[in-house]
Number of protein chains: 2
Amino acid sequence: MTTLHIVDDDEAIRDALGWLFQSRNVPVVGWPSAEAFLESWRPDTAGCLLLDIRMEGMSGLELFDRLLAKGCRMPVIFLTGHGDVPIAVGALKKGARDFVEKPFNDNELVDRVIDALAVDAEQREREAGQAGLAARLSTLTQRERQVMELVVAGRLNKVIADELGISMRTVEVHRSHVFEKMRVKTAVELTRLLSGAS
Amino acid sequence: MTTLHIVDDDEAIRDALGWLFQSRNVPVVGWPSAEAFLESWRPDTAGCLLLDIRMEGMSGLELFDRLLAKGCRMPVIFLTGHGDVPIAVGALKKGARDFVEKPFNDNELVDRVIDALAVDAEQREREAGQAGLAARLSTLTQRERQVMELVVAGRLNKVIADELGISMRTVEVHRSHVFEKMRVKTAVELTRLLSGAS
DNA sequence: GCGGCTATTGTGGATATCCGCAGAGTCGGC
DNA sequence: GCCGACTCTGCGGATATCCACAATAGCCGC
C-alpha cells in the first residue's frame with residue numbers, strides 16, 4: 001500500500017489523523033503546509049492526498065491547482081471545517097476525489113482513503129505500461145512511424161507502398177522493424193497495443 | 001440543439017428560466033414535478049436536465065437516483081436555494097454534471113447548460129455507433145463469436161484451429177463470415193472496431 | 001574517410017490468408 | 001420428412017505476409 005499524505009497546518013489534527021490511519025495500517029506522512037508538500041512533490045510521488053482547505057499561507061485549493069498544473073494526478077480528498085457549496089463543487093469538477101466536512105466519520109474517511117490509494121496504484125500501473133509503450137514508440141524512425149500508422153489503419157502493404165510512393169519490399173522492411181521494436185508479432189497485436197486494449 | 005428539461009415545482013421559476021433560455025435559443029420544456037418528468041422519460045429522451053432539489057413530492061435528488069437506475073445518462077445540473085455540502089458532493093460523485101446555488105449568474109448557467117447539451121449530443125452519437133456495432137455483433141453465431149475473439153486477440157488461424165479443435169479451413173470460413181457480418185475487410189479493422197477506436 | 005544509422009529496392013522462397021467449389025452431419029421448425 | 005441454419009472439412013489456387021540474402025545511397029559523427 002502506498003502512502004497517505006496529510007497536509008494540515010494544525011499539528012494536533014495531523015497527529016490525530018496519523019493515529020487513525022496508522023491504526024488501520026495506512027502509511028501516513030504529515031505536512032505542516034501546502035508549501036512544504038508542493039516543494040517536496042515529485043512526479044513519482046505515489047499515494048493520495050488529504051488536504052485541509054483553510055491553512056496559513058497557501059490554501060489547500062491553491063495547492064491542488066498548482067499540483068494539477070504540474071501534472072499531478074494523485075487522488076485528492078479535501079477536508080474542511082467551513083463547508084461552502086461552490087468551493088466543493090469547483091473542487092470536485094476540477095477532479096478532486098472527495099470533499100469531506102468536519103466533523104467526519106472515521107470509518108468512512110478511512111474507507112475513502114483506502115479507495116483513493118487503490119485508484120492511485122491502479123493508475124500508476126496503467127501509466128507505467130504507457131511509459132514503456134512510449135519508450136518503444138520513440139525508438140521508431142519517421143518512416144517506420146508512418147508505416148506503422150497505415151498498418152494500424154488496416155491498409156494492406158501494397159496500398160501503403162502506393163500511398164508513400166515506395167516499393168512493397170521497403171514497406172515490408174519497415175513493417176518488420178516496427179513489429180520488432182514494438183515487440184509484437186502481428187498487426188492485430190500492434191493495433192491492440194496502440195488502442196490501449198489489454 | 002436538443003432540449004433543456006427544467007424540473008421545478010415553482011411555476012414562476014420555470015417561467016423565468018424558460019424566458020432566459022429561450023432568449024438564448026435553447027429549446028426548453030418545463031415540468032412541474034419530478035413525478036411528471038419521470039413518467040414521461042424514455043431512454044431516447046435527449047438533452048439535459050435542470051433539476052430543483054427541494055420540491056413537493058419527490059425531490060430532485062430522488063428523481064436523479066431513479067433516472068440513474070433506469071439507465072438515464074442525460075447530463076444533470078442541480079439548482080438549489082439551500083446549499084448543503086454533503087448533498088452537493090454526493091450528487092456530483094453520483095455523476096451529476098453541476099450543482100448551482102441560487103441566486104445564480106444567468107450567463108454562467110446558460111453556458112453550463114449549453115455545454116451539457118453538447119455533451120449529451122456527443123454521447124448519443126457515440127452510443128448510436130455502439131448500437132450499430134452491437135446489432136452486427138448479435139448476428140454472429142456462437143462459433144463465429146469465439147473465432148472473432150481469438151482473431152482480435154492476435155492469434156493466427158492455425159492456432160485458433162488448434163485451440164478450438166477444428167480444422168484451419170473451418171476457422172477460415174467462420175473468420176470470413178465474421179468479416180462479412182461486421183463489414184470489415186481485415187483483422188486490424190475488426191480490432192479497431194471492437195476497441196472503440198475510430 | 002570509415003563506420004553506423006536510415007531508407008531504399010530486388011530475388012526467391014516459406015507461410016498465412018482469402019475464397020470458390022463441393023460435400024457432409026446436426027438440429028429445430030413447419 | 002424436408003428445409004434452413006449452423007458447423008465442419010477438403011482441395012486448389014490467388015494474394016498477402018514474413019524473411020534471409022544482397023546491394024545502393026545519403027547523412028552524420030568520430
Side-chain angles (χ1 to χ4, degrees), chain A residues 129-198, chain B residues 129-198:
Chain A
Q130 294 298 308
L133 176 60
R136 277 176 280 171
L137 277 172
S138 71
T139 68
L140 298 178
T141 65
Q142 290 74 34
R143 213 46 160 168
E144 285 165 353
R145 206 181 311 273
Q146 287 177 346
V147 171
M148 181 185 72
E149 282 165 12
L150 293 170
V151 166
V152 169
R155 308 278 209 293
L156 297 180
N157 284 354
K158 69 157 65 170
V159 180
I160 297 173
D162 233 53
E163 290 190 26
L164 296 182
I166 56 183
S167 79
M168 251 186 78
R169 187 62 189 90
T170 307
V171 174
E172 289 175 10
V173 171
H174 288 314
R175 182 180 172 127
S176 82
H177 284 161
V178 169
F179 284 6
E180 190 181 341
K181 288 181 176 177
M182 301 303 289
R183 292 177 206 162
V184 295
K185 288 198 299 294
T186 68
V188 170
E189 288 177 59
L190 182 61
T191 305
R192 293 173 65 79
L193 203 60
L194 297 180
S195 299
S198 57
Chain B
Q130 294 297 308
L133 175 60
R136 278 176 280 169
L137 277 174
S138 71
T139 68
L140 298 178
T141 66
Q142 289 71 36
R143 213 44 161 172
E144 284 165 354
R145 205 182 310 276
Q146 287 178 348
V147 171
M148 181 185 73
E149 282 165 12
L150 293 170
V151 166
V152 300
R155 308 279 209 292
L156 296 180
N157 283 356
K158 68 158 65 170
V159 180
I160 297 174
D162 232 53
E163 291 190 24
L164 296 182
I166 57 182
S167 78
M168 254 187 76
R169 186 63 188 90
T170 307
V171 173
E172 290 174 357
V173 171
H174 288 314
R175 181 180 173 128
S176 83
H177 284 162
V178 169
F179 283 5
E180 190 181 341
K181 287 181 177 176
M182 301 304 288
R183 293 178 204 160
V184 295
K185 288 199 300 293
T186 67
V188 169
E189 289 177 61
L190 182 62
T191 305
R192 295 173 65 78
L193 202 61
L194 296 180
S195 301
S198 57

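Naming: A, B, ... by sequence-line order, numbering from 1 per chain. What you see below is based on every heavy atom in this structure, not just the backbone, and it leaves out hydrogens, waters and symmetry mates.
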Asker: A side-chain contact here means heavy atoms from C-beta on lying under 4.5 Å apart; do Met182(A) and Leu133(A) qualify?
Answerer: yes

Asker: Heavy atoms, side chains only, cut-off 4.5 Å: are Lys181(A) and Thr141(A) in contact?
Answerer: yes

Asker: Using whole Å, report how far CZ of Arg145(A) lies from C1' of dT6(C).
Answerer: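 After rounding, the reported distance stands at 14 Å.
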
Asker: Please compare Arg175(B) and Glu144(A) by the position of their nearest nucleotide in DNA chain C and report the one closer to 5'.
Answerer: Glu144(A)

Asker: What's the separation between atom CZ in Arg183(B) and atom CG in Leu193(B), rounded to the nearest 0.5 Å?
Answerer: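 The CG atom of Leu193(B) is 10.5 Å from CZ of Arg183(B), to the nearest 0.5 Å.
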
Asker: Hey, does Lys181(B) reach any base, or is it just sugar-phosphate, or nothing, if we go heavy atoms under 4.0 Å?
Answerer: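 Here Lys181(B) touches the backbone only, sparing every base.
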
Asker: Within this structure, what is the CD-to-P distance between Glu172(B) and dC21(C), rounded to whole angstrom?
Answerer: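 Rounding to the nearest Å, CD of Glu172(B) and P of dC21(C) are 16 Å apart.
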
Asker: What nitrogen or oxygen pairs link the protein and nucleotides 28-30 of chain C at under 3.5 Å?
Answerer:
none

Asker: Mapping Val173(B) and Thr186(B) to their closest nucleotides on DNA chain C, which lands nearer the 5' end?
Answerer: Thr186(B)

Asker: Test salt bridge (charged side-chain N to carboxylate O under 4.0 Å, His left out) on Glu172(A) and Arg169(A); report intermediate values, then the result.
Answerer: CA-CA 5 Å; Glu172(A) 289 175 10; Arg169(A) 187 62 189 90; 3.6 Å; yes

Asker: Distance check, rounded to the nearest 0.5 Å: Ser195(B) atom OG versus Leu190(B) atom CG?
Answerer: 9.0 Å

Asker: Need two values: the first and the last nucleotide of DNA chain D, 5' to 3', having an atom under 4.0 Å from any heavy-atom of chain A.
Answerer: dA16(D) to dC21(D)

Asker: Would you mind reading off the distance between Gln146(A) atom CD and dA7(C) atom C1', rounded to a whole angstrom?
Answerer: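 After rounding, the gap between these two atoms is 11 Å.
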
Asker: First locate atom CG of Leu156(A), then atom CE of Met168(A), and finally report the distance between them rounded to the nearest 0.5 Å.
Answerer: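 So the CG of Leu156(A) and the CE of Met168(A) are separated by 9.0 Å.
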
Asker: Rounded to whole angstrom units, what separation is found between the CD atom of Glu180(B) and the C1' atom of dG20(C)?
Answerer: 13 Å

Asker: Quick check for you: to the nearest 0.5 Å, what is the distance between His174(A) atom NE2 and His177(A) atom NE2?
Answerer: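 Answer for the NE2-NE2 pair, His174(A) versus His177(A), is 8.5 Å.
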
Asker: Report the distance from atom CD of Gln146(A) to atom CG of Leu150(A), rounding to the nearest 0.5 Å.
Answerer: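 Here the rounded value is 7.5 Å.
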
Asker: What residues from residues 155-171 of chain B pass a heavy-atom cutoff of under 4.0 Å to DNA chain D?
Answerer: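 Contacts with DNA chain D under 4.0 Å: Ile166(B), Ser167(B), Arg169(B), Thr170(B).
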
Asker: Could you tell me if Gln142(B) and Arg145(B) have a donor-acceptor pair between their side chains, going purely by distance under 3.5 Å?
Answerer: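 Looking only at side-chain atoms, Gln142(B) and Arg145(B) do not form any donor-acceptor pair under 3.5 Å.
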
Asker: Check the pair Arg192(B) / Val184(B) against side chain to side chain contact (heavy atoms under 4.5 Å, CB included), numbers first and verdict last.
Answerer: CA-CA 10 Å; Arg192(B) 295 173 65 78; Val184(B) 295; over 6 Å; no

Asker: Could you tell me the separation between the CG atom of Leu194(A) and the CE atom of Met148(A), rounded to the nearest 0.5 Å?
Answerer: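 The CE atom of Met148(A) is 5.0 Å from CG of Leu194(A), to the nearest 0.5 Å.
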
